[in-house]
Amino acid sequence: MFKNILIPVVDDMLTTKNMKLITDLVKADGANVTLAYISDPRAPFVYAKKVSDYKISDASHKKACEQHAKEVLEKALKLVGKDVKAKVHHEFNATVYEGILEAAKKAKADAIMMASHKRTGLKGVFMGSDTHAVIVHSKLPVVVV
């Protein structure tokens, strides 16, 4: 059905159970996979008594993000296994859902498969759902696992 699926990867999704479910679905379809990690390009704001105490530069933030994304994506590749043809992609975007949609465009994906985080209560109200935002804004089919 799908030939190229984008799978946005976040740290808490990287469980054997989640990745096995995704891998089984992908294998059944015979699709290629692009695992994507989205990083915020803006260095975190740190409250300091004076400007000289602010020590996080944009360059060091970007380097830290790239290293973290590399580690997360390597872990995801191991969990996906060698039976699935997979590539990785690291995208910088301040808005996670926009980063996912941009990664899907760059990967030439024909579907997006992502996990539901099931945020509830106040956390769900204030943080919203990246999965929901992708569903609302995507022109591609979105498979939620």
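Quantities reported herein were computed from a predicted structural model and do not represent experimental measurements. Position 1 is the first residue of the sequence, and the numbers go up from there.
For Lys20, the NZ atom sits in a loose shell: 12 or fewer heavy atoms of surrounding residues, nucleotides or ligands are nearer than 6.0 Å.
Not a single donor-acceptor pair under 3.5 Å links the side chain of Asn4 to the backbone N or O of Asp110. For the pair His61 (side chain) and Arg42 (backbone), a donor-acceptor distance under 3.5 Å is present.
Two different hydrophobic clusters hold Leu6 and Val145 under the rule that ILVMFWY side chains link at heavy-atom gaps under 4.5 Å. Both Met19 and Leu21 are assigned to one and the same hydrophobic cluster, defined by single-linkage of ILVMFWY side chains at heavy-atom distances under 4.5 Å. Hydrophobic cluster membership differs between Met113 and Val134, with clusters built from Ile, Leu, Val, Met, Phe, Trp and Tyr side chains linked at under 4.5 angstrom. Cluster membership for Ile100 and Val72, using ILVMFWY side-chain heavy atoms within less than 4.5 angstrom, is not shared. Taking hydrophobic clusters as Ile, Leu, Val, Met, Phe, Trp and Tyr residues chained together by side-chain heavy-atom distances below 4.5 Å, Ile38 does not share a cluster with Val9.
Between Asp40 and Cys65 the shortest heavy-atom distance is O-SG, 4.0 Å. Shortest non-hydrogen contact noted between Ala31 and Ile5 is CB-CD1, 3.8 Å. Heavy-atom minimum distance, Ala86 versus Leu77: CB-CD2, 3.7 Å. What you find for Ser138 and Ile112 is that their closest heavy atoms are OG-CD1, 3.8 Å.
Going from atom CG of Leu140 over to atom CD1 of Ile135 covers 12.5 Å, rounded to the nearest 0.5 Å. To the nearest 0.5 Å, the span separating CG on Leu73 from NE2 on His68 amounts to 9.0 Å. In this structure, the separation between NZ on Lys27 and CG on Asp83 is 4.0 Å, given to the nearest 0.5 Å. Atom-to-atom distance recorded for Lys87:NZ and Lys85:NZ is 8.0 Å, nearest 0.5 angstrom.
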Item to complete: Begin with the C-alpha distance, continue with both residues' side-chain angles, and end with the deciding distance and a verdict on side chain to side chain contact (heavy atoms under 4.5 Å, CB included) for Thr34 and Ile7.
Response: CA-CA 6 Å; Thr34 300; Ile7 302 172; over 6 Å; no
Practice prompt. Go through the steps to decide whether Val142 and Met114 satisfy the test side chain to side chain contact (heavy atoms under 4.5 Å, CB included), and finish with yes or no.
Written response: CA-CA 7 Å; Val142 179; Met114 56 193 304; 4.2 Å; yes
Practice prompt. Step by step, work out the side chain to side chain contact (heavy atoms under 4.5 Å, CB included) result for Glu102 and Lys105.
Written response: CA-CA 5 Å; Glu102 186 62 28; Lys105 182 192 254 183; 4.2 Å; yes
For residues 88-97, which side-chain N or O atoms pair as donor and acceptor with protein atoms under 3.5 Å away, sequence neighbours left out?
residue: His89; atom: NE2; partner: Glu91; partner atom: OE1; Å: 2.7
residue: His90; atom: NE2; partner: Ser39; partner atom: OG; Å: 2.6
residue: Glu91; atom: OE1; partner: Lys106; partner atom: NZ; Å: 3.2
residue: Glu91; atom: OE2; partner: Lys106; partner atom: NZ; Å: 3.3
residue: Asn93; atom: OD1; partner: Thr95; partner atom: N; Å: 2.9

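Salt bridge status for Asp58 with Lys62: absent, with no side-chain N to carboxylate O gap under 4.0 Å.
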